[in-house]
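For reference, the structure discussed in these notes is given below.
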Amino acid sequence: MTRTPPSSRTSTHRIRRPLVVGLMAVLAAIVVTLGHPLLKPFSDSGSGSVTPGRGSSVRPPAPSLPDRAPPDSSQQDRRGTLDEADGVVPDGATVLDDDVPAVANLDADLLAALRRAAPEAADDGVAFTVNSGWRSPEYQNQLLRKAVSRYGSEAEAARWVATATTSPHVSGDAVDIGPDAATAWLAEHGAAYGLCRIYRNEPWHFELRTEAPDRGCPRRYADPTQDPRMRP
């Protein structure tokens, strides 16, 4: 057997290696130029999510939050977060807090009646807390939107929250009093001060009725939808 000299084998390998590398480079160039389905299983949708290629059984992922439509701007407050200047009441506010706009902006006669009643209630161990008083139109509109969302319709929301154009809170003619002991005290003694419950479904809501000390409080409405003042 004739053996190939080592120098010949080395020469042969040196010749074959460049040929193989060159052929692979040519094939790669052809694939890139013409395209190949195995190299493109997905296509970019351009929105940050991936869409399956044609014939693929893979479902696309759910869109990320930035890809979804933004909330309706009409449902957002025009001035951002509401505060005490709009009638938001700080915890523990009383009828004596002149530095709280929800109290200070109440009708003067209503506030005077509350301040006459408060010491008498205190003698019975009852303190008045103001849960809500005067409100800005923006605050009232926010409360109405929340009521519609909570109760599912404008008609049902109207049983609890009036519009900004009809609400006695916006005009400063209504106050919501707490806790339960205070509302119970006013339900029994409030008429002597002209302070009356107006709606059967809102035991916390009081308004001034100047004839009440002599005639008693008027008959209560079932809810605000029965009140003629709430009708446009």
Asn131 and Trp204: side chain donor to acceptor below 3.5 Å: no
Closest non-hydrogen atom pair, [X] against [Y]:
X: Tyr139; Y: Leu82; answer: CA-CD1, 3.4 Å
X: Ser171; Y: Pro168; answer: OG-O, 3.1 Å
X: Ala182; Y: Ala127; answer: CB-O, 3.6 Å
X: Trp134; Y: Pro101; answer: CE3-O, 3.8 Å
X: Val95; Y: Leu111; answer: O-CD1, 3.5 Å
X: Ala104; Y: Asp98; answer: CB-O, 3.3 Å

Within 6.0 angstrom of [X] [atom1], more than 12 heavy atoms from elsewhere:
X: Arg219; atom1: CZ; value: no
X: Asp180; atom1: CG; value: no
X: Glu84; atom1: CD; value: yes
X: Arg150; atom1: CZ; value: no

Counting C-beta onward and ignoring hydrogens, is there a side-chain heavy-atom pair between [X] and [Y] closer than 4.5 Å?
X: Leu114; Y: Leu106; result: yes
X: Arg229; Y: Thr166; result: no
X: Asp223; Y: Trp160; result: no
X: Tyr199; Y: Glu207; result: yes
X: Leu186; Y: Tyr193; result: no
X: His169; Y: Leu143; result: no
X: Gln140; Y: Val161; result: yes
X: Tyr221; Y: Arg200; result: no

Under 3.5 Å donor-acceptor, Ser167 side chain and Ala164 backbone: no
Side chain Asn201, main chain Arg159, donor-acceptor under 3.5 Å: yes
